[in-house]
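Since the model is a prediction, treat every value here as computed from it, not as a measurement. Naming: A, B, ... by sequence-line order, numbering from 1 per chain.
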Amino acid sequence: MVTYIIKRVLYMAMVLFIVVSITFFMIHSVPGDPLTSSVMNLPDEVRDNYYARYGLDKPLFEQYLRFWKLLFTEGSLGESIKYPGRMVEEFILKYAGISARLGIISVVLGFSVGTVFGILAAIFKNRWPDYAVMLTAIAGVTIPVFVLAAVFQYFFTVKLQWFPTTGWGTVKHMILPIACMCLSPIATYARYMRSSALDVLGQDYILTAESKGVSSFNVVKRHVLRNSILPSITLLGPSVASVFTGSFVIESMFAIPGLGTYFIRAINERDFTMVLGMNLFYCLLYIASLLLVDILYVFIDPRIRLATSKERRKKAHAE
Amino acid sequence: MKKMLSLLLALMMIVGMMAGCSDSSTETSEPEEPNESNESTEPTEPTEPSGDDDTSSEEPPLDEVQYYNINLSEEPATLNHLINASVAGGTILTNILEPLVRNEWGEIVPAGCSDYEISEDGLTWTFHLRENYWNDGVQVTAQDYAYTLQMCATPATGYPYAADMYVIKNFEAVVSGEMDVSELGVNVVDDLTLEIELSYVCPALLNTVSFLPLRQDVYEEWGDRYGSEAETMTCCGPFVLDEWTHNSTLKMSKNEQYWDAETVKLEDVTYHIVTEEIARYNMLDNGSLDSLSVSDVDYIARFSAREDLNAIHYSSARTVMMVFNNEDPAFSNRNVRLAFSLAFPREESATYIFNDLNEAAWSLTPPPVTENGVAIRDATGEPLKQLVADNPDPKAVLIEGLKELGMSEDPADFEFELYMSGTNSKMHTMGEYWQQELQEALGCTITLRYDDYAIFSDNCSNGDFQVGYLSWGANADPSYMFNLFTSTSNSIPGKHNNPEYDELAAAVQQELDYEKRLEMFAELDNMLVTEDVAICPVVFGGGITFRYDYVYGVDESAFTDAGVKYVYTAGRES
């Protein structure tokens, strides 16, 4: 297990390196630079100074080396070009938390409510709870989040005036964004859960458990839930990564100072350092969460082994 | 209506008072007591309701709690005014820093200075500062204003508007590293006297340059981080920046140390950074915002129907235009350019594309750009209109042009590309509309290209375009707009090159006679639009602001930098 994890971490580092390198050369190959994207009328001398400040006057490969050097020697992702005086790691440290607070709540809510809904739908297959859950699920998957946000905002902040329209700081500010963000996960998890729970419910061991006299609550808890949750866990990994980078749509709709806005805008503004730094961060989270999910499998399903083939052979030999 | 009238009257009184000291040329006029002008903004004198006015005309008494919520359309990249290039940044800065003079209701009025003198040769301007304090209690000195200029000229700063500052003696040499910053034409005579030397006579100096102060000790303490957070800067304007939640809100409160604190009524001002249009409309709808510019037709209709909202039409002092690449093989020909401009559906575009919020443009300068009170646009006589009337068949003009170029005389063989500076749906709507209309009128084939502004701008400055769609903001100084088209400017990518034009554009900057200046500006405009046909004007930017009727004291003029200094509320439902 330990060897496996070390090996995976090494692979991760490699993937990270490749992704960041590709991103670097891709973003630099797009026409336009941070200077041309803002309307400025600079004398040549000032322009040169400006480029020199961010190392943009150097050959591309030198800039590429500069990025890694800065990262390893100073642990810095560099200064944002669009927001002078602010380092990219500062943005991540400061705003990933805000995005994460919203994201984690909506994923946890989405996952738990979705799971419960899915199992209920499976147990009451073709009866009204099933239809109700599936209707919600279809709505949750098909309604785009910006439509939902606009409708919720209008209804709850203009018509009913229950919540503030935009802003950040209090619990009241979080309710609408979370409501918008968790509907889609609820729908997704409910659908996955329903189909895999249906599968499990038809198994012989459920019949056995029932005939042994296990209460139906325990059947669901001990057998159905544990056996049918794996597909949902697989989905959970990638969604955890996106939690930290935030939802661009939700954040700009509700003026939430999260990371999502920067993540998207940096690309349009050709903020090279920001794009690279954010990409590195996102990529790291993504592959780390994939690893975590793999490890989680072992605890949920004892049939899964993460050992490498060599270890397994050794074990088999010992037995 | 009456309310508006009384307000207008009050405003005129202030302007009248302040105008008195702005025109001081050689003699020093004593400034009016600041609290005098302050009184005139107060809603103290309700005008008698006249018979024909059915609405109540009395202005309610001032609200006890004075606060104001407005929108900021984007996050300011920085509040360091040495490198700020965004409108959003400027909006905030004008409220928290005190410039030497401000443009209020279309007039230049003393702000950080109490008065100023111009030497007889017009080359030395002396500013006498008021007693004003930074929010940490330190007095604002002439050194603070001089420091800004010195830092702007330092090449390492990367001041984005350096080219506009060449009017200051030696600025160009310092910014290009040929001279030391100590040789810049800025002298601190004493703590409250600042002297600025010019490289040429420039009557429009105060319209061109905004002189903001900067504390050297604070700037050096924070270095690159100056102005990136509320904590990393000091304020000396009507308001103090208390809190900056990036991408969400900017909160400021009244600056009690401010020299004119008595005039300032608002205690708290919050700028909400909301980039999503619908969210903004919802905020206005439920009163989270007190004022908002609205561009969506459906929402305009909805808000117009509300009685507690006033609709204010404004001109944004922008010109939307098509720029021709004068070095393109086909568009190097005047007749080809002219045919395009003649065939262009201006009025139709203003109505169908811009929903009548914008006005069709027949000249370069937008209506708010004036010289001595007369709009340049009006002075031009708009000869393009006459040209269109004289040439009912633009196709014939195109054929003429093609003939001169030695190309096939059949317009159907002529193909060119219209380059749009954006990729959103609005750009596509516009592009497709113009493609269809122009193809019909000219009988040629038009292709469309869309790119994000960064790519568009890059390609255009490399000459990789034929006709480009561009929108450009004007400046209170008319020269600004015309200087964009001189052969040495690299702002507008058309490569317009006319020595006669360059000469006139340079001469007008030093011309002192207002009548002559107006004439020269009009001539420049006509040269560009009808003689050289360097651009095809499309529309002048404009819009509509909806504001709750309890808000007073907003300066609506196009080039104002009054900020929210004079704003107050009266009759807000609590």
Side-chain angles (χ1 to χ4, degrees), chain A residues 30-53 79-87 90-91 94-95 98 146 149-150 153-154 157-159 161 164-169 249 251-258 260-262 265 267-270, chain B residues 75-78 80 83 85-86 155-164 166 172 175-177 222-229 232 245-249 272-276 278-283 285-289 451-459 461-462 472-473 484 489-491:
Chain A
V30 180
D33 65 37
L35 208 61
T36 49
S37 67
S38 61
V39 188
M40 285 192 203
N41 179 16
L42 296 185
D44 290 343
E45 299 81 11
V46 179
R47 192 178 287 263
D48 293 345
N49 270 307
Y50 191 94
Y51 283 123
R53 176 170 174 174
E79 185 185 356
S80 158
I81 303 175
K82 164 83 185 180
Y83 304 100
R86 295 162 71 186
M87 308 305 272
E90 248 177 64
F91 285 95
K94 222 167 155 184
Y95 305 117
I98 293 174
F146 65 89
Q153 199 177 54
Y154 181 69
T157 76
V158 178
K159 284 283 142 198
Q161 307 216 353
T165 319
T166 61
W168 182 248
V249 176
E251 282 176 12
S252 54
M253 190 73 190
F254 292 98
I256 295 165
T261 324
Y262 295 104
R265 255 190 237 146
I267 300 170
N268 283 334
E269 282 153 357
R270 304 282 181 277
Chain B
E75 155 95 354
T78 175
N80 175 357
I83 46 175
S86 72
T157 306
Y159 180 61
Y161 302 111
D164 299 341
Y166 290 171
E172 191 169 1
V175 92
S176 55
W222 294 106
D224 282 346
R225 301 197 53 203
Y226 178 84
S228 65
E229 304 286 344
T232 64
T245 310
H246 292 286
N247 266 320
S248 189
T249 50
H272 297 266
I273 306 166
V274 183
T275 47
E276 205 60 49
I278 295 173
R280 276 184 240 161
Y281 299 151
N282 283 337
M283 289 180 80
D285 210 343
N286 66 14
S288 311
L289 289 178
D451 270 321
D452 286 332
Y453 190 79
I455 303 176
F456 170 87
S457 163
D458 206 31
N459 284 335
S461 50
N462 291 333
W472 206 279
L484 298 170
S489 162
N490 53 10
S491 304

At what distance, to the nearest 0.5 angstrom, does NE2 of B/H246 lie from CZ of A/R86?
3.5 Å
Where does B/E229 contact chain A at under 4.5 Å (heavy atoms): side chain, backbone, both or neither?
side chain
Is any side-chain heavy atom of A/R265 closer than 4.5 Å to a side-chain heavy atom of B/T275?
yes
Is A/Q161 close to chain B through its backbone or its side chain, or both, or neither, when contacts mean heavy atoms under 4.5 Å?
side chain
Top residue by heavy-atom pair count (under 4.5 Å) with chain A, among B/V274, B/N462, B/T249?
B/V274
The interface call for A/Y95 against chain B, heavy-atom contacts under 4.5 Å, is side chain
What residue, out of B/S228, B/G223, B/A156, has the most heavy-atom pairs lying under 4.5 Å from chain A?
B/S228
Heavy-atom pair of closest approach, residues B/S248 and A/W168
OG-N, 4.2 Å
Segment of A/K159 engaging chain B (4.5 angstrom heavy-atom cut-off):
neither
When you check the side-chain N and O atoms of B/N286 and A/T165, is any donor under 3.5 Å from an acceptor?
yes
Spacing of CD belonging to B/E276 relative to OG1 belonging to A/T166, to within rounding of 0.5 Å:
12.0 Å
Nearest heavy-atom approach of B/A279 to A/M253 is CB-O, 3.1 Å
Does B/D285 reach the side chain of A/Y154, with side-chain heavy atoms less than 4.5 Å apart?
yes
I would like to know whether B/N247 and A/Y262 meet side-chain hydrogen bond (donor to acceptor under 3.5 Å, both in side chains); could you show each step before the answer?
CA-CA 9 Å; B/N247 266 320; A/Y262 295 104; 3.3 Å; yes
For A/A150 and B/N282, work out which heavy atoms get closest and say how close.
O-ND2, 4.2 Å
Which of B/N80, B/D224, B/T245, B/T157 touches chain A most, by non-hydrogen pairs under 4.5 Å
B/D224
Contacting region of B/I278 [heavy-atom separation from chain A under 4.5 Å]
both
